[in-house]
Amino acid sequence: MSSETLNLVIPGDKIILNDNSEEYAIGPNIRLKDSILTPTTAGLFVSKPGKKNTSLYYVDSSNGRYIPQVGDLVLGTILGQFGDYYRISLNEFSQNVILNIYSFPNASKKNRPRLQVRDLVYARVSSAEKSVDVELTCIDPVTGKDGGFGVLNGGYCFNVSTAYARFLLFTDNAPILKKMAEKISFEIAVGVNGKVWIKSDSTKSTMLCVYLVSESQHWKQSDISKNFDKLISKFKKL
């Protein structure tokens, strides 16, 4: 195996390993028996090259504390301001982080963002050093512009597992988002801290999107199309 692969799995899924000559290293949340891998929890199935020509398999399923890493995309809630910084909560189990008032495109002393307590912000982790506050930025490092970062107005924010959040972020054409885009007009922001923000044309449509994304983390990928069609049909009858 030459590269890392990612797939969403749930207990009961069976992953057959075709190369019987391959050396395996089994990580957490998965069992191996007779060349068949079986997840013991829902999460992101990871397969990647290990040491000494082995292949490493495990399921990334995090329900605990999110630990920020530089480059992570996150959703946070403004708790307050002190000096030139906003204090931000990423979730209930993580230490609060900070966001400089000048970490916005074109920000200056005369042109400062005016964020309020409980505002929702989409940002990128710019610094995550030990013994100091983790710092965020709302500037795209490539373009120097907002790049979709900043305050998210309206919509609805909810939690998913951090493993599923990574799946939605890093999987091209994630099945549930692809299906939703065919039927519904919506905006979405996903944070690897397990937060998802969605906004659609109406409150009713927004809540449908929220329900679809939230429930889909418990579905087998083969059932997504069927379950999606059922929910859309029920929604039309309401």
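Given the structure is predicted, the values throughout are model-derived calculations rather than measurements.
- How far OG of S185 is from CG of D201: 4.5 Å, rounded to the nearest 0.5 Å.
- The two residues V9 and I15 come nearest to each other via the heavy atoms CG1-CD1, 4.1 Å.
- Considering OG of S161 and CZ of R166, their distance stands at 10.5 Å, rounded to 0.5 Å.
- The shortest distance between side-chain heavy atoms of R31 and T40 falls below 4.5 Å.
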S216 vs Y164, test: side-chain hydrogen bond (donor to acceptor under 3.5 Å, both in side chains). Steps then yes/no.
CA-CA 9 Å; S216 67; Y164 194 55; 2.5 Å; yes

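- Atoms NZ and CG, from K220 and N227 in turn, are 11.5 Å apart once rounded to the nearest 0.5 Å.
- Across every non-hydrogen atom of V121 and L115, the tightest pair is CG2-CD1, 4.1 Å.
- Counting only heavy atoms from C-beta outward, the side chains of V213 and M180 approach each other to under 4.5 Å.
- When the side chains of ILVMFWY residues are joined at heavy-atom separations under 4.5 Å, either directly or via intervening members, V190 and Y211 end up in a single hydrophobic cluster.
- A donor-acceptor distance shorter than 3.5 angstrom exists from the side chain of W197 to the backbone of G154, with no hydrogens or angles considered.
- Side-chain contact between P175 and F167: present, with at least one pair of heavy atoms (C-beta onward) separated by less than 4.5 Å.
- Sorted by first and then second residue, the ring pair (Phe, Tyr, Trp, His ring centres under 6.0 Å) pairs involving residues 108-134 (not counting sequence neighbours) are Y122-F149.
- For the pair I188 and V196, the minimum side-chain heavy-atom distance is below 4.5 Å.
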Kindly determine whether F235 and L208 satisfy side-chain contact (heavy atoms from CB on, under 4.5 Å), including the steps that lead there.
CA-CA 8 Å; F235 174 77; L208 171 63; 3.5 Å; yes

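- Applying the 6.0 Å contact sphere to OH of Y102 captures more than 12 heavy atoms from other residues, nucleotides or ligands.
- Here the side chain of S214 pairs no donor or acceptor atom with the backbone of V210 at under 3.5 angstrom.
- Of the residues I98, V97, D119, I101, the one that meets the side chain to side chain contact (heavy atoms under 4.5 Å, CB included) test with Y86 is I101.
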Test side-chain contact (heavy atoms from CB on, under 4.5 Å) on F45 and Y57 and set out the steps.
CA-CA 7 Å; F45 171 65; Y57 301 108; 3.5 Å; yes

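- Counting non-hydrogen atoms of other residues, nucleotides and ligands closer than 6.0 Å to CG of N111 gives a total above 12.
- Between the side chain of Q81 and the backbone N or O of R87 there is no donor-acceptor pair closer than 3.5 Å.
- Taken from CZ in F104 to CG in L99, the straight-line distance is 4.5 Å, to the nearest 0.5 Å.
- By the 6.0 Å contact criterion, CZ on F158 is enclosed, its count of non-hydrogen atoms from other residues, nucleotides or ligands being greater than 12.
- In this structure, the side chain to side chain donor-acceptor pair (under 3.5 Å) partners of S200, at least two apart in sequence or on a different chain, are S205.
- When every heavy atom of K199 is checked against every heavy atom of T206, the shortest pair comes out as C-OG1, 3.9 Å.
- In E215, the CD atom is crowded: over 12 heavy atoms of neighbouring residues, nucleotides or ligands sit closer than 6.0 Å.
- Among L177, I224, I184, the one residue that satisfies the side chain to side chain contact (heavy atoms under 4.5 Å, CB included) test with L212 is I184.
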Between L168 and I176, does a side-chain contact (heavy atoms from CB on, under 4.5 Å) hold up when you go through it step by step?
CA-CA 9 Å; L168 294 174; I176 188 61; 3.9 Å; yes

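- For the pair K183 and F228, the cation does not sit on the ring face, since its NZ or CZ is not both under 6.0 Å from the ring centre and inside 45° of the axis.
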Please list, one pair per line, the donor and acceptor atoms closer than 3.5 Å that link side chains of residues 135-146 to other protein atoms, with sequence neighbours excluded.
| unit_1 | atom_1 | unit_2 | atom_2 | d |
| --- | --- | --- | --- | --- |
| T137 | OG1 | I139 | N | 3.2 |
| D140 | OD1 | V142 | N | 2.8 |
| D140 | OD1 | T143 | N | 3.3 |
| T143 | OG1 | K145 | N | 3.1 |
| D146 | OD1 | G148 | N | 2.8 |

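- Of all non-hydrogen atoms in A165 and V192, the two that sit nearest each other are CB-CA, 4.3 Å.
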Evaluate side-chain hydrogen bond (donor to acceptor under 3.5 Å, both in side chains) for D72 paired with Y66, printing each intermediate quantity in order.
CA-CA 11 Å; D72 281 355; Y66 161 69; 2.6 Å; yes

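- The closest side-chain heavy-atom distance from K195 to N91 is below 4.5 Å.
- Taking each heavy atom of V125 and P68 in turn, the nearest pair found is CG2-CB, 4.3 Å.
- Here the OG1 atom belonging to T171 is positioned 13.0 Å from the NZ atom belonging to K178, to the nearest 0.5 angstrom.
- Note: the hydrophobic cluster containing V70 does not contain L90 (ILVMFWY, side chain heavy atoms under 4.5 Å, direct or indirect links).
- Residues Y156 and L231 share a single hydrophobic cluster, defined by chaining ILVMFWY side chains whose heavy atoms lie under 4.5 Å apart.
- Counting heavy atoms from C-beta on, the side chains of T38 and I36 come closer than 4.5 Å.
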Run the side-chain contact (heavy atoms from CB on, under 4.5 Å) test on V151 and L120 for me, step by step, so that the C-alpha distance in whole Å, both residues' side-chain angles and the decisive distance to 0.1 Å come before the verdict.
CA-CA 6 Å; V151 178; L120 186 67; over 6 Å; no

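- If you take OH on Y85 and CG on N100, they are separated by 4.5 Å, rounding to the nearest 0.5 Å.
- Of all the heavy atoms in N193 and L75, the pair that sits closest is ND2-O, 2.7 Å.
- The neighbour count for E129 CD, taken as heavy atoms of other residues, nucleotides or ligands under 6.0 Å away, does not exceed 12.
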